[in-house]
Amino acid sequence: MAQLVIDIGNSRTKVAVFQGKKLVKLDKVDKLNLDILAQYLESPEITHSIISSVNEDISNLEDLLKEKTDYVRFSASLPNGIINKYKSPTTLGLDRLAAILGAKSLCPERNCMVIDAGTCITYDAIDKNSVYEGGSISPGLNMRLKAMHQFTGRLPDIALSEYSDWQGYDTPSAMLSGVVNGTLAEIKGFIELYNSKYSELEVFLCGGDAIFFDYRLKNSIFAHTLKTEPDLVLIGLNEVIQQND
């Protein structure tokens, strides 16, 4: 048996194949269509499937998956094994929920924190008793740079690039220093905060900018607890299949 796990985001789609809990294939596509999906479903091993999508209009993809597999559409209402105390559980972002489930799957007996560094940066935790209470959302790296340009009269529109100095020496480098070092300070501050609330905390880093932060954070005092897992959302989606099979 194999599971087809699909995560449709704002800018790209991840398509993964799992055998049990093992990720055996991962592709990233700009837009998933029926022809691409049909190629995956040619494998007789794929018997189960799941989609998490920011796009509501995926009925054509769902029809094919329902025809060929045991299909579930990921939502907050699906049984998932956690106690969700978010005031409006159905409004919790599906990527946040899936990442939490992924962390709990990897460390089921531990308190877990998830930092998802994407378009926005989200901070969430789930305790060792599978209780989730809430989290935080802040702007991502590129959003911070864009905001400075759009909401001021003179700051330039610059692209994110590597920057390792502690301060800038002209306007572009000062902007990069503020964004990169400011975000790092924010992340470290959240880790310290969550460490003060949860004992023996496991910290997971995922999202499109995870690699950007990986070595910067692993050179810090948090190296012993930090785990970079770019596929945490996919792992969480696969866990939902396991629980609903």
Side-chain angles (χ1 to χ4, degrees), residues 1-7 9 14-28 48-52 72 74-76 78-86 92-118 121-136 187-188 190-195 197-218 220-245:
M1 181 186 92
Q3 304 89 250
L4 187 65
V5 176
I6 301 169
D7 178 25
K14 291 183 178 180
V15 184
V17 178
F18 285 80
Q19 288 183 337
K21 292 181 178 290
K22 183 179 180 181
L23 177 62
V24 295
K25 181 178 175 62
L26 173 61
D27 295 313
K28 299 173 184 178
H48 293 68
S49 63
I50 188 170
I51 288 182
S52 174
V72 292
F74 183 53
S75 71
L78 275 176
N80 54 41
I82 71 170
I83 301 167
N84 189 347
K85 293 191 174 182
Y86 211 56
L92 176 63
L94 294 181
D95 52 348
R96 293 172 66 191
L97 178 57
I100 294 163
L101 294 171
K104 180 54 63 174
S105 171
L106 295 174
C107 293
E109 306 298 326
R110 302 294 292 268
N111 298 317
C112 297
M113 175 187 184
V114 175
I115 304 167
D116 192 340
I121 302 173
T122 59
Y123 305 89
D124 294 287
I126 183 167
D127 71 17
K128 60 185 177 182
N129 297 314
S130 298
V131 177
Y132 171 77
E133 294 186 352
S136 304
I187 291 174
K188 291 175 182 179
F190 268 106
I191 294 175
E192 289 179 354
L193 176 62
Y194 277 82
N195 263 320
K197 303 292 184 182
Y198 297 91
S199 61
E200 298 181 342
L201 186 68
E202 299 287 343
V203 182
F204 289 89
L205 178 64
C206 64
D209 286 331
I211 300 302
F212 186 90
F213 290 117
D214 179 73
Y215 77 89
R216 291 173 169 85
L217 289 169
K218 285 186 176 176
S220 72
I221 60 174
F222 307 111
H224 65 290
T225 61
L226 186 67
K227 297 177 174 63
T228 299
E229 182 50 76
D231 304 318
L232 194 63
V233 168
L234 297 172
I235 292 170
L237 292 172
N238 184 59
E239 184 66 17
V240 173
I241 293 180
Q242 309 281 324
Q243 294 181 9
N244 285 272
D245 183 15

List the atom of [X], the atom of [Y], and the distance in Å for their closest heavy-atom pair.
| X | Y | result |
| --- | --- | --- |
| Asp214 | Leu226 | O-CD2, 4.5 Å |
| Pro79 | Gln243 | O-OE1, 3.9 Å |
| Leu205 | Ala210 | CD2-O, 3.5 Å |
| Gly81 | Ser130 | O-CB, 3.6 Å |

Does the side chain of [Y] come within less than 4.5 Å of [X]'s, by heavy atoms?
| X | Y | value |
| --- | --- | --- |
| Ile115 | Ile191 | yes |
| Asp116 | Arg96 | no |
| Asn111 | Tyr194 | no |
| Lys188 | Leu217 | yes |
| Asp95 | Ser52 | no |
| Leu4 | Val15 | yes |
| Leu237 | Ile241 | no |

How far does [atom1] of [X] sit from [atom2] of [Y], to the nearest 0.5 angstrom?
| X | Y | atom1 | atom2 | value |
| --- | --- | --- | --- | --- |
| Ile121 | Ile187 | CD1 | CD1 | 5.0 Å |
| Ser105 | Leu232 | OG | CG | 9.0 Å |
| Leu94 | Ser75 | CG | OG | 7.5 Å |
| Phe74 | Leu101 | CZ | CG | 5.5 Å |
| Met113 | Leu201 | CE | CG | 7.0 Å |
| Leu106 | Ile235 | CG | CD1 | 4.5 Å |

Contacts of Asp7 that satisfy salt bridge (Lys or Arg N to Asp or Glu O under 4.0 Å) - sequence neighbours left out:
none
Taking only residues two or more places apart in sequence, or in another chain, which ones meet Lys197 in a salt bridge (Lys or Arg N to Asp or Glu O under 4.0 Å)?
none
Please check: side-chain N/O of [X] versus main-chain N/O of [Y], any donor-acceptor pairing under 3.5 Å?
| X | Y | answer |
| --- | --- | --- |
| Glu109 | Lys128 | no |
| Lys104 | Asp127 | yes |
| Asp231 | Cys206 | no |

Tell me, with the steps shown, if Val131 and Lys85 meet side-chain contact (heavy atoms from CB on, under 4.5 Å).
CA-CA 7 Å; Val131 177; Lys85 293 191 174 182; 4.0 Å; yes
Please work out whether the ring planes of Tyr132 and Tyr86 are parallel, tilted or perpendicular, with thresholds of 30° and 60°.
tilted
